[in-house]
Structure formats: structure tokens, C-alpha cells
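In what follows, every chain begins at residue 1, and chains take the letters A, B, ... in the order their sequences are listed.
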Amino acid sequence: MNADQNNVIIKVENLQKHFNGGDLKALNGVNAEIHKGEVVVVIGPSGSGKSTFLRCLNLLEIPTGGTVTFEGVDITDKKVNINIHRQKMGMVFQQFNLFPHMTVLKNMTVAPTTLLKRSKEEAEKKAFELLKRVNLFDRATAYPHQLSGGQQQRIAIVRALCMDPEVMLFDEPTSALDPEMVGEVLDVMKSLAREGMTMVVVTHEMGFAREVADRVIFMDEGVIVEEGTPDEIFNHPQQQRTKDFLNKVL
Amino acid sequence: MFNAIAEWFSGVKAEFVLNFITKNRWKMMLTGVENTLLITFVAGMMGIAIGVVVAIIRSTWDKNQEVMRPGVGKFLYRIVNGIAKVYLTVIRGTPLVLQLLIMYFIIFASSRNDMMIAILAFGINSGAYVAEIFRSGIMSISKGQFEAGRSLGFNYVQTMIYIITPQMIKNVLPTLLNEFIALLKETSVAGYVTVMDLTYAASRIRASTYSPFMPLVGSAAIYLALVMFFTWLVGLLERRLRKSER
């Protein structure tokens with residue numbers, strides 16, 4: 001094994017997701033590797049399968065074919081306890097999905113105390129540290145509905161971080177936000193990237209992709225059309241479909 | 001004029017004495033109230049227990065049917081879901097009085113425990129309605145809540161316990177308590193199987209005094225008072241819940 005292979009945290013092989021018995025092919029043979037510490041941004045038109053791809057990485061969407069290997073374990077194997085592996089894969093959703101019946105603090109501590117058997121004090125200490133980082137220290141006792149969209153999404157990010165994940169998955173984290181709140185969420189993601197967190201981000205924020213991504217994946221019609229550094233994809237795209245897409249969005 | 005009013009009052013008083021005081025008939029009414037409340041509470045609890053189980057079976061199937069992997073598990077689940085569906089259809093599609101009579105004269109024909117049979121019949125009946133209340137409550141929670149729970153590493157049951165159920169209960173509590181109030185009134189048919197509930201007590205008194213007004217209107221007033229009390233309680237609770245949310 002060479003050093004590069006050791007670094008692979010997620011390996012996706014021939015991933016397929018068909019709906020309606022194969023009529024609709026959301027994913028049609030996707031191969032990808034995510035390396036430790038890497039920020040991979042997935043772009044593509046709507047319906048290209050990029051969200052489905054991301055959701056297959058932690059099996060929120062169960063693939064109809066192919067494998068996803070996380071830290072050397074094939075998590076698509078039925079015998080694998082997926083819950084254990086999901087603890088190490090944080091996920092952030094477009095709609096935030098904070099738990100409305102819990103305070104911010106409880107949102108952040110319910111999983112670590114229940115699943116990692118951390119003490120309440122320990123979990124809260126970590127939660128407060130993270131809240132300080134995203135400048136929401138004073139909102140610990142608030143309920144989600146009392147927060148703005150941008151604040152909710154920042155809480156959603158630190159909620160996932162409370163589990164000390166190995167990788168963070170972002171499913172269009174800024175798409176449901178008012179424009180003036182996009183920046184504050186992207187800033188948190190940028191600082192996370194700088195700290196070396198492994199991230200897979202599905203987004204329409206091309207500026208973010210350009211600035212932060214180590215690698216950009218362009219998907220269309222359920223396959224990876226092209227991948228490369230931001231410079232390669234945005235400045236020298238090779239495929240016509242990539243060029244067409246970038247012409248529309250840039 | 002005064003005489004007429006005085007006469008009317010003394011007439012009412014005589015009626016009251018005859019129906020409630022003579023031969024300690026009020027004790028019968030009291031027993032009736034006690035039994036009505038007993039049936040309502042126990043059958044209500046039973047309804048909730050049945051309702052939760054059936055609602056979880058039904059909503060799990062409705063939500064996950066497509067993503068379930070084919071196999072023995074899915075086949076068994078299909079059967080269990082089928083049984084739950086038949087239960088809901090039959091119970092909600094037939095009159096409560098007939099369900100009560102069938103329980104009493106056919107299923108438990110050899111049992112002499114009338115009270116238990118009545119509670120069982122009302123509980124099973126209520127369970128079907130409660131199940132649908134819970135099911136709509138579960139279905140009303142967005143899929144994202146479920147996914148957020150699972151993505152943190154909670155398994156299916158933990159997600160249900162920590163994330164879905166608390167939100168669901170908050171949503172359905174008012175409806176659930178209204179179902180409970182409806183059940184209180186529905187127990188008035190318990191007399192069909194000779195259980196001395198409030199209505200049956202009133203009609204026994206009426207039969208022995210040949211004076212229908214006091215026992216019937218009196219028992220109606222007691223039902224009304226009970227219902228108004230519980231409605232007030234529900235309102236109080238609803239305001240409480242809203243306060244903690246907004």
C-alpha cells in the first residue's frame with residue numbers, strides 16, 4: 001500500500017442509485033476517493049445526482065449498486081452497523097434540521113451524551129467551546145425558532161462537530177438562507193477547512209468552491225463528468241458539459 | 001303568583017328527593033360516575049398503549065416500505081402492517097355498541113366480569129382512533145428531523161425516542177385529549193352489557209321512580225360538567241405548550 005491509499009478516508013466504487021426499478025438513474029456508476037484533510041466540492045446542475053451522491057456517503061440514501069468504503073470498511077454491507085460509522089460522519093442539511101423541541105445546548109449534547117456516553121459536563125464544555133467559535137455563545141439556551149437561518153445553520157454545523165467526526169458532509173448548506181446570511185455560514189466552513197477537516201460539500205457557491213476546494217467534482221446525469229483543482233475546472237474545463245454549466249452559473 | 005312559584009319549587013324538590021334521596025338513590029348515581037370515570041381512564045390508557053404500537057407499525061411501513069430491503073423481515077412486516085390495517089378498518093367501520101355486544105355475548109360469553117369486558121371493548125375501540133391520531137402526528141414531523149437524528153448516529157429506535165416522539169406528542173396532545181373526552185361520552189353505552197355507568201344508573205332510577213326528568217337531565221348535567229372540566233384542562237395544557245414553543 002502506498003501513502004496515497006493510506007490517506008483515503010472514503011472510497012466510492014461504481015455507485016448506483018436507481019429509482020422506480022431503474023427508470024430513473026440518479027447515480028449511474030460513480031467512482032471517487034476522498035482523502036484525509038481534503039475539501040471536495042461537488043457542483044452540477046439540479047438533478048445531476050450530486051445530493052444523492054452525498055447522501056449515499058453516509059447511507060441516508062441506500063445505493064442500489066456499488067460500494068462505499070469508509071475508513072476501510074464497506075458500509076454498504078448489510079452486516080455493518082451503519083450507526084457506528086455515521087457517528088464519525090457529520091452531516092449538515094439544506095434545511096438545518098435542528099431539533100425544535102430542544103435548546104441549542106441540548107441539540108448539541110444529546111448525541112454525544114447518548115451515543116458516546118460522555119458526561120453532561122464534558123459534552124457541554126465542548127458545546128460551549130464550539131459555540132464560542134461560531135460567535136453564538138450567548139444563544140445556548142435559545143430554541144431554534146428564536147434564531148435566524150444563518151444562526152441555525154451555524155448551530156447545525158457545530159452540532160455535527162460535537163461528535164468529533166472524521167469527515168463532514170454538507171448538502172447545499174447555504175441554499176435555504178437569505179443572501180445576507182450566506183457569508184456567516186461560509187466563513188465557518190472556511191475556518192473548518194483551514195483546520196484540516198475533511199469535507200465534502202455540495203453547493204452552488206462557486207466562489208466558495210474556487211477559494212476553498214482542494215478538488216472540484218462536476219457531476220451531470222448521475223455521473224462524474226470532470227474533476228480537478230478549482231483552477232482546472234473553472235479556468236480550463238475540458239468537457240463541453242462542464243463549459244456549458246459554468247457559462248450559465250458564472 | 002308566589003303560590004305558583006312556591007308550588008313549582010316544592011314539586012321540583014319532591015322530584016329531587018324521590019329520585020336522588022329516597023332509598024339512597026344518589027349512591028347509585030355516584031357509583032355510575034365512578035364507573036364511567038374508571039372505564040374512561042383505563043380504556044383511555046389502553047387506547048394509548050394500543051394506539052402507539054399500531055401507529056408506529058403503520059407509519060414505519062408507510063415511510064420505509066420503499067427503502068426496506070426485500071427478505072423475510074419485510075415479508076413479516078407486511079403481514080404485521082396488514083393486521084394493523086384490518087384492525088383499524090374493522091374497529092372504525094362498525095358501531096361501538098355492536099363491538100361491545102360482540103365482546104360480551106360472543107368472545108367473552110363465558111366470563112362474568114362485565115366491567116373488564118366493557119373496558120376491553122372501549123379500549124380496543126379507542127386504540128383505533130388514537131392510532132390514527134398518533135400516525136398523523138408522526139407523519140407530520142418532517143423527514144429532515146428523522147435524517148438529522150440518523151446522521152448523528154442514532155439508530156431507528158433512538159431517533160424515535162429522542163427526536164420524533166417528543167415532537168409528535170406535543171403536536172397530538174390536544175387532539176388526543178379531545179379523543180379522551182369523546183370516549184367519556186361514548187362509555188354511556190356500557191349499560192348494554194349491564195355495567196352500572198352513569199347513564200345506566202340514571203335509567204335504572206327512572207325505571208323505578210317512573211319520573212324521567214330528574215335522573216336523565218341530572219346525569220346529562222354531570223356529563224356536561226365532567227366534559228367542561230376536562231376541556232378546561234386541555235385548554236390550560238395547550239396554552240402551556242404554546243408558551244414553551246413561542
* Asked: For the residue pair A/His145 and A/Tyr143, does the interplanar ring angle fall in the parallel (under 30°), tilted (30 to 60°) or perpendicular (over 60°) class?
  -> parallel

* To do: Please flag which part of A/Thr64 lies under 4.5 Å from any non-hydrogen atom of chain B: side chain, backbone, both or neither.
  => neither

* Asked: Which bit of A/Met89 is near chain B, if near means a heavy-atom gap under 4.5 Å: side chain, backbone, both or neither?
  -> backbone

* To do: Describe, in one word, how the ring planes of B/Phe180 and B/Phe230 are oriented to each other, choosing from parallel (under 30°), tilted (30 to 60°) and perpendicular (over 60°).
  => perpendicular

* Structure fact -> Honestly, the part of A/Phe93 sitting under 4.5 Å from a heavy atom of chain B is side chain

* Aromatic ring pairing A/Phe137/A/Phe128, orientation class (parallel under 30°, perpendicular over 60°, tilted between) -> tilted

* To do: Tell me, for A/Lys78 versus chain B, whether the close heavy atoms (under 4.5 Å) come from the side chain, the backbone, both or neither.
  => both

* **Structural part of A/Leu98 lying under 4.5 Å from a heavy atom of chain B** => backbone

* Should the heavy atoms of other residues, nucleotides or ligands under 6.0 Å from NZ of A/Lys88 be counted, would the total exceed 12? -> yes

* Asked: By a 4.5 Å heavy-atom criterion (distance strictly below it), what part of A/Arg159 contacts chain B: side chain, backbone, both, or neither?
  -> both

* To do: Kindly indicate, with the supporting measurements, whether the criterion salt bridge (Lys or Arg N to Asp or Glu O under 4.0 Å) is fulfilled by A/Glu129 and A/Lys125.
  => CA-CA 6 Å; A/Glu129 277 167 21; A/Lys125 188 168 164 270; 3.7 Å; yes

